[in-house]
Protein chains: 2
Amino acid sequence: MSKNEVIYLPLGGAGEIGMNCYVYGYGPKDRERLIVIDLGVAFPDMDTTPGVDLIFPDIAWLEERRDRIEAVFVTHAHEDHVGGVGRLWSRLKCPVYARPFTAAVARRKMIEADQPETEVTTVEPWPHQVQAGPFQVGYLPMSHSIPESSALVIDTPKGRILHTGDFKLDRDPGVGDPYDPALWAEVAADGVLALACDSTNVFNPHPGRSETLVGPEIRKMVAGCSGMVVATTFASNIARLKTLAEAGRDAGRSVVLLGRAMRRMVQEAIETGVLKDFPPTVSAEDAVQIPRENLMLLVTGSQGERRAASAQLARGKYLGLQMKPGDTFLFSSKIIPGNERGVFRIINQFSEMGIDVVDDSDGLYHVSGHANRPDLTEIHQIVRPQIVVPMHGEHRHLREHVKLAEQNGLPGILAPNGTLVQLSGGTPKVVGFVDTGRTYLDGSSMIGAMDGVVRDRIRMALNGHVLVTLIIDENDDPLGEPWCEAMGLPATGRSRAPLVEVMEDDLAQVLGRADDDVLIDDDKLTEMMRRTVRNSAQNEIGKKPEVTVVISRLSE
Amino acid sequence: MSKNEVIYLPLGGAGEIGMNCYVYGYGPKDRERLIVIDLGVAFPDMDTTPGVDLIFPDIAWLEERRDRIEAVFVTHAHEDHVGGVGRLWSRLKCPVYARPFTAAVARRKMIEADQPETEVTTVEPWPHQVQAGPFQVGYLPMSHSIPESSALVIDTPKGRILHTGDFKLDRDPGVGDPYDPALWAEVAADGVLALACDSTNVFNPHPGRSETLVGPEIRKMVAGCSGMVVATTFASNIARLKTLAEAGRDAGRSVVLLGRAMRRMVQEAIETGVLKDFPPTVSAEDAVQIPRENLMLLVTGSQGERRAASAQLARGKYLGLQMKPGDTFLFSSKIIPGNERGVFRIINQFSEMGIDVVDDSDGLYHVSGHANRPDLTEIHQIVRPQIVVPMHGEHRHLREHVKLAEQNGLPGILAPNGTLVQLSGGTPKVVGFVDTGRTYLDGSSMIGAMDGVVRDRIRMALNGHVLVTLIIDENDDPLGEPWCEAMGLPATGRSRAPLVEVMEDDLAQVLGRADDDVLIDDDKLTEMMRRTVRNSAQNEIGKKPEVTVVISRLSE
């Protein structure tokens with residue numbers, strides 16, 4: 001019988017910023033008892049995932065070992081950590097733990113996915129610990145851009161692991177728990193086997209800044225505005241929402257929350273007690289009656305999302321409210337890389353409306369929720385783990401974080417998604433690789449990233465799509481001419497004749513010359529017609545479309 | 001008879017950074033003689049223009065007035081200024097002027113589009129002037145990230161216009177002309193009617209930096225590398241290429257140019273005399289024989305373009321050359337907003353290969369080619385025009401630049417694409433609006449942005465595409481069952497049955513109940529089947545696909 005060991009396996013989040021899902025195990029090889037940290041989602045884009053609604057980590061590996069899973073622990077309520085709890089739970093069917101605000105969000109995810117919300121258990125913070133098989137897991141309060149973000153103290157029979165979750169070093173985060181270095185020193189005092197650590201901002205060389213810095217700047221800015229003020233930030237950034245709302249109230253403005261996610265988050269934060277003394281708000285209906293210089297709207301859509309309140313205001317009226325020249329729009333947020341096009345689109349729309357847009361380019365109205373490089377060093381040095389395991393980052397972040405650990409005199413291990421690492425037994429080492437990937441929520445279906453569905457969509461988007469129909473009669477001869485329909489292709493090409501007619505003529509010619517052994521064989525016939533259409537299109541319009549051929553045989 | 005006036009009309013570039021095309025006119029209303037400044041292109045993206053190869057300004061307005069066009073003046077050889085010369089020339093058929101290096105590129109564009117390269121005339125810089133109808137146009141040498149960029153001094157009977165083209169204030173740009181404030185003061189001395197001015201960097205509050213600053217940093221960095229060094233920048237940034245090549249040579253490395261655009265640009269720069277003393281280069285074939293620590297590759301693809309040399313190296317071998325752990329990849333460039341996903345994709349690929357990537361995040365290895373806010377103020381103050389006309393920017397840039405002009409005590413006018421401005425006759429004012437837009441090169445076809453072709457592609461990418469075929473017999477009854485083919489959709493949905501079978505069953509049921517007046521009417525039948533398929537899909541997979549229906553009537 002093999003020895004008991006501690007293992008670590010990232011299934012998502014170590015190779016992207018998004019869809020976090022990390023596994024720890026303890027026990028003999030292939031019989032480890034398992035806990036799962038976070039079940040998050042990632043968001044689609046047109047380049048790689050057109051039409052997809054949400055992206056989940058592929059949890060097939062976990063599903064096959066369902067009987068060995070003790071629990072899921074959710075570190076905080078950001079979508080990339082909690083967003084998959086509802087949709088993925090039925091495949092794991094194990095207890096879910098989280099602190100109150102996070103648990104409220106996790107329960108909502110369960111309800112939305114028709115799963116039992118009672119499976120989500122609320123836990124107290126450290127020094128309380130949850131027993132989960134051979135693990136004892138405690139929630140160490142930590143500062144981040146959402147309340148209740150926690151590092152997990154994971155005690156195993158072979159030693160303690162610290163799993164940071166998402167964090168920044170903010171001793172005064174406004175809402176939520178402050179960073180308490182003494183607490184970190186205390187939990188690390190007896191030695192730490194491994195520090196699994198957020199890597200998001202490893203490339204930022206400046207020490208992180210406190211949430212308290214933005215308050216005075218925002219108040220000053222809002223006080224100086226004459227028209228309506230509209231501000232956006234992440235709906236889950238409760239501290240920022242409070243800062244913004246207070247700045248509005250202090251400037252004599254009524255505060256309006258626009259966008260379902262924002263209203264829900266504020267409500268959940270109040271109900272769970274993490275948000276206190278939030279200024280009173282008015283509804284959009286009531287706001288219409290209030291002079292615009294007395295209004296402060298807090299809206300969803302800091303990333304330029306097309307359906308969010310910000311984008312709706314950029315296109316015109318939203319719930320009766322409309323921006324006008326002299327109004328101000330504040331992005332109290334940064335652009336997540338990849339979202340630039342969407343954000344600049346709405347900024348330009350506001351510009352066309354004569355609205356002043358204030359963004360974070362001066363660093364006055366936003367601070368990041370993640371630890372920068374010097375902050376990571378501070379945590380490395382407080383914890384002094386036997387190994388640093390960078391997580392929560394693209395490959396470039398993980399690799400840089402390993403280098404940083406080594407600069408700090410600590411070994412680091414590069415473990416992207418699917419890397420099975422043995423943390424116990426002296427020197428941590430990679431002991432295997434697991435197939436990982438992504439699963440897409442597409443409408444109401446879950447589809448695999450490699451199913452070809454999205455690949456076909458991308459091909460149609462790049463190349464257009466031609467449909468060819470042909471009827472074959474009882475004697476295996478074409479009945480009439482083949483018929484083409486084109487979608488997403490120019491109507492005419494080089495010859496100036498309609499493209500579909502050129503294709504149909506070429507098809508008719510090729511069919512006229514076709515041998516009987518082709519005409520009786522659907523595969524051969526399809527391939528011949530496909531090739532003909534692609535060549536016709538190449539000649540006419542210089543591109544080869546996707547082609548679908550439908551052959552109807554009257555004999556059948 | 002109406003008075004002679006000077007007019008300005010942007011057809012591209014004032015509403016985006018790209019596809020620059022500006023028109024000036026002089027004469028009586030609607031009979032003005034016209035000159036065109038630049039015929040540029042913009043680049044497509046998956047979000048808005050999937051499958052498109054290049055984007056051109058819609059020049060229908062110019063084409064309708066072709067007999068009134070005196071000439072096209074190209075300010076410099078960047079694609080967003082010269083890229084449309086070849087493809088658009090046949091619709092204007094007028095002389096094209098440019099300085100030698102720019103003219104070489106313009107001639108290449110003409111040749112590639114099967115147009116007469118002899119229509120491109122090389123001009124001398126200021127104080128030489130070209131007579132073009134009522135205009136006299138001189139090329140004022142100016143610094144930018146490409147040699148020979150020039151401001152245009154446009155003299156009209158009603159006064160002088162300065163059209164900056166793209167510029168930065170660099171008194172020592174390495175290759176190309178330096179900024180000479182005395183020269184600007186001299187041309188502006190007798191008064192300037194209007195300053196049409198680059199707005200790209202109006203949001204950057206810092207004074208611009210000189211190209212000379214990056215040389216020592218790049219030399220230091222390259223000298224410290226042990227493996228192969230690969231650097232990328234824009235192929236047209238000849239000064240940077242020289243700096244990079246010299247840093248390689250000084251570190252004892254052989255220089256290799258990889259990527260067709262880069263080799264061609266260097267060759268054209270040498271042939272036209274703007275580039276002198278470029279270090280000797282070796283071919284990729286010869287480079288394979290040289291130890292990697294003695295190699296410096298300069299490659300295309302600073303924006304992560306999928307087919308460029310950088311992306312090919314990130315995927316594996318390129319022309320026999322392959323990067324390895326210990327090598328260094330330098331981005332001597334910035335990411336153009338919108339290209340982040342592509343750039344980070346290749347950085348992550350390099351990271352997976354164990355290659356160190358150095359980028360411009362510290363500002364050491366790149367300087368911008370555009371004037372920052374204080375630089376714009378400097379030009380405003382030297383020129384002191386009667387009006388500032390911001391160009392070369394998105395709406396947000398133009399609007400901010402108007403504000404900056406006003407801060408500088410000068411009137412500014414917001415004139416996005418299609419705004420017809422009268423510059424002469426006292427106070428400049430908007431006198432009309434012209435329909436403008438975009439034309440796409442798609443394969444070998446030119447298509448209008450509003451033709452619906454690209455819209456259909458986007459819809460297929462988001463929603464998938466279902467093809468329905470039905471045969472109707474001589475008695476107007478369905479012959480057999482309807483047939484469905486799906487592309488870009490999940491194979492199964494809620495019921496677990498194959499999606500196309502569910503659709504076919506639903507169609508068969510609906511057809512079975514269909515009245516004769518529907519069965520004889522292709523439009524009604526198509527609409528009924530389309531709706532049925534969309535509803536089936538909505539039930540099964542929660543999304544409504546695009547549907548194409550093909551009805552074959554045997555009676556016809």
Side-chain angles (χ1 to χ4, degrees), chain A residues 45-48 50-51 203 205 337-338 340-342 344 347-348 350-352 357 361-362 394-396 398-399 416 442-445 447 451 453-454 456-458 460-465 467 469 471 479-480 483 485 487-494 540-543 546 548 550 552 554 556, chain B residues 45-47 50-51 203 205 337-338 340-342 344 347-348 350-352 357 361-362 394-396 398-399 416 442-445 447 451 453-454 456-458 460-465 467 469 471 479-480 483 485 487-494 537 540-543 546 548 550 552 554 556:
Chain A
D45 60 55
M46 270 300 278
D47 298 63
T48 59
F203 287 107
E340 289 78 4
R341 290 177 206 153
F344 289 131
I347 292 182
N348 281 314
F350 285 135
S351 180
E352 287 171 26
V357 174
S361 48
D362 296 328
E394 299 169 12
H395 198 282
R396 62 195 176 103
L398 306 183
R399 186 165 180 269
D442 189 66
S444 55
S445 303
I447 56 178
D451 286 0
V453 172
V454 170
D456 284 350
R457 285 187 204 156
I458 293 173
M460 288 191 290
L462 294 175
N463 308 323
H465 191 194
L467 314 168
T469 55
I471 302 174
L479 182 65
W483 183 268
E485 296 266 351
M487 190 158 178
L489 289 169
T492 59
R494 225 176 290 267
E540 280 293 302
I541 58 169
K543 61 196 297 174
E546 303 306 300
T548 298
V550 177
S552 307
L554 296 188
E556 292 174 327
Chain B
D45 60 55
M46 270 302 277
D47 298 63
F203 287 107
E340 289 79 4
R341 290 178 206 154
F344 289 130
I347 293 180
N348 281 315
F350 284 134
S351 180
E352 287 172 26
V357 174
S361 48
D362 296 328
E394 299 168 11
H395 198 283
R396 62 195 176 104
L398 307 183
R399 185 165 181 270
D442 188 67
S444 55
S445 303
I447 57 178
D451 287 0
V453 172
V454 169
D456 284 350
R457 286 186 203 157
I458 292 173
M460 289 190 291
L462 294 175
N463 308 323
H465 192 193
L467 164 63
T469 55
I471 302 174
L479 182 65
W483 182 268
E485 296 266 350
M487 189 159 180
L489 290 169
T492 59
R494 226 176 289 267
E540 280 293 302
I541 58 168
K543 59 196 297 173
E546 302 306 302
T548 299
V550 177
S552 306
L554 295 188
E556 291 174 330

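Here is the naming used below: chain letters follow the sequence lines, and residue numbers restart at 1 for every chain.
Counting heavy-atom pairs closer than 4.5 Å to chain B, the top-ranked of the candidates Asp45(A), Asp456(A), Leu462(A), Asn348(A) is Asn348(A). Ranked by heavy-atom pairs under 4.5 Å with chain B, the list Asp442(A), Asp362(A), Ile447(A) is led by Asp442(A). Of the residues considered (Phe203(A), Phe344(A), Trp483(A)), Phe344(A) shows the highest number of contacts with chain B, using heavy-atom pairs under 4.5 Å. With chain B as partner, the option from Glu340(A), Arg399(A), Glu352(A) having the largest number of non-hydrogen pairs under 4.5 angstrom is Arg399(A). With respect to chain B, the highest number of heavy-atom pairs below 4.5 Å among Gly51(A), Gly338(A), Ser351(A) belongs to Ser351(A). Contacts with chain A were tallied for Ala461(B), Gly542(B), Gly443(B), Pro50(B); Ala461(B) has the most, counting heavy-atom pairs under 4.5 Å.
The shortest non-hydrogen separation linking Met460(B) to Arg457(A) is O-CG, 3.9 Å. Minimum interatomic distance between Gly493(A) and Ser445(B) (heavy atoms only, all atoms of both residues): CA-OG, 4.2 Å.
Under the 4.5 Å side-chain criterion, counting only non-hydrogen atoms from C-beta, Arg396(A) is not in contact with Val357(B). You'll find the side chain of His465(A) stays beyond 4.5 Å of the side chain of Leu467(B), heavy atoms only. Looking at Val550(B) and Glu485(A), their side chains come closer than 4.5 Å, going by heavy atoms from C-beta outward.
A side-chain hydrogen bond (donor to acceptor under 3.5 Å, both in side chains) with Ser444(B) holds for exactly one of Lys543(A), Arg494(A), Glu540(A); it is Arg494(A).
With a threshold of 4.5 angstrom between heavy atoms, Ile471(B) approaches chain A through side-chain atoms but not through N, CA, C or O. Proximity to chain A (any heavy atom under 4.5 Å) is restricted, for Leu479(B), to the side chain, taken from C-beta onward.
Scored by the side chain to side chain donor-acceptor pair (under 3.5 Å) test, Thr469(B) finds no partners at all (sequence neighbours excluded). Residues passing the side chain to side chain donor-acceptor pair (under 3.5 Å) test with Asp47(A), sequence neighbours excluded: Arg341(B).
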| task | Under the side-chain contact (heavy atoms from CB on, under 4.5 Å) rule, what do Met46(B) and Thr48(A) come out as? Steps first, then yes or no, please. | result | CA-CA 9 Å; Met46(B) 270 302 277; Thr48(A) 59; over 6 Å; no
